[in-house]
S.K.: 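Encoded as structure tokens, here's the structure I'll be asking about.
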Amino acid sequence: MEASCMAKLLATATDLWRSFHRGRGIVAAVQGCSFRIHAGETIAIMGPSGCGKTTLLNLIAGLDVPSSGLLDWPGLGSSDTLRPERIGVVFQSANLIPALTAVENVALPILLGNGSDAEARALTALATFGVEALAAKLPEQLSGGQAERIAVARAIVTNPELVVADEPTGQLDLAGASIMVDRLLAWGQRTGSAIIIATHDERMAAKMSRIWWMRHGKFERMVERSACTGAG
Ligand SMILES: Nc1ncnc2c1ncn2[C@@H]1O[C@H](COP(=O)(O)OP(=O)(O)OP(=O)(O)O)[C@@H](O)[C@H]1O
């Protein structure tokens, strides 16, 4: 699905700031960012280490609250009902639960939402990323790249309208990263979901319809390839 300004507005932010106390000082990790995210959009957040990508993703996913500014999810509901149904999250370094098998990890968001057919849906999500054969493995038996594929399967298992992924391909080689992102984008096209990934890899970012370049907590440059420019 091609995103357009007619597409459902999922999230909107105006002059978003997030600061942290560190020692005696304050770090302003996100500084005055404004944007809109529509259904079907694919967005890469790029920029040097420490520029604020993870902090911004955590705000968009409702995992953290801004220090100031407005953040709203008009198409997704209130901030306390966003996850796991409406927003799927891929954390940096996969973050699988060690005591659960791959399929149990992937089924977890469905079980948390009291959904049905959790195992069957988890197997389908694993198959989307070609890792259904790993269903019975524990995280300690997986390579970093396999764990990343399973973490992405977990993020899409509830068919969320927005997927937020923090460096989801860091452990994969170029070919593996490309296949995984292609499968995620194909899933997004089928479902009409929006996908935002933070990445250091320009080849992955080039697959997305928008690129937000960050520096020192601010949007330095926004590259828009789709008709809908949601900045500001
Ligand atoms: N909980 C926290 N407490 C204090 N400082 C923090 C906290 N979280 C992030 N920061 C600081 O905010 C800034 C932005 O960090 P963030 O993790 O968002 O950057 P990033 O672009 O995701 O980096 P990377 O590419 O290395 O993952 C950094 O200076 C970081 O040290």
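Owing to the predicted nature of the structure, the values given are computational and were not obtained by experimental measurement. Each ligand, and each atom within it, is numbered from 1 in the order the structure gives. Residues take their numbers from the sequence shown, with the count starting at 1.
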S.K.: Atom 24 (P) of ligand 1: which protein heavy atom is closest, and how many Å away?
M.R.: S49 OG, 3.5 Å
S.K.: Do you know which of L82, I87, I195 makes side chain to side chain contact (heavy atoms under 4.5 Å, CB included) with L162?
M.R.: I87
S.K.: What do we get for R22 next to ligand 1 when only non-hydrogen atoms under 4.0 Å count, side chain, backbone, both or neither?
M.R.: side chain
S.K.: For ligand 1, does T55 get within less than 4.0 Å through its side chain, its backbone, both, or neither, judged by non-hydrogen atoms?
M.R.: both
S.K.: Which heavy atom of the protein is the closest neighbour of atom 6 (C) of ligand 1, given with residue, atom name and distance?
M.R.: F20 CD1, 3.4 Å
S.K.: What do you reckon, does Q92 put a non-hydrogen atom under 4.0 Å from ligand 1?
M.R.: yes
S.K.: C51 to ligand 1: N or O pair under 3.5 Å?
M.R.: yes
S.K.: Taking the six-membered ring for Trp, is the centroid-to-centroid distance between F35 and W212 below 6.0 Å?
M.R.: yes
S.K.: Any N/O of A29 closer than 3.5 Å to an N/O of ligand 1?
M.R.: no
S.K.: Where on H200 is there a heavy atom closer than 4.0 Å to ligand 1, on the side chain, on the backbone, on both, or on neither?
M.R.: side chain
S.K.: Quick one: do the S178 and K207 side chains pair a donor with an acceptor below 3.5 Å?
M.R.: yes
S.K.: State whether D166 and K53 are salt-bridged, where the test is any N-O pair (Lys NZ or Arg NE/NH1/NH2 against Asp/Glu carboxylate O) under 4.0 Å.
M.R.: no
S.K.: Closest non-hydrogen protein atom to atom 17 (O) of ligand 1, residue and atom name please, with distance?
M.R.: T54 CB, 3.7 Å
S.K.: For atom 25 (O) of ligand 1, what is the closest protein heavy atom, and at what distance to 0.1 Å?
M.R.: K53 NZ, 2.8 Å
S.K.: Could you name the option among G50, A198, P48 that has the heavy atom nearest to atom 14 (C) of ligand 1?
M.R.: G50
S.K.: With a 4.0 Å cut-off on heavy atoms, is G47 in contact with ligand 1?
M.R.: no
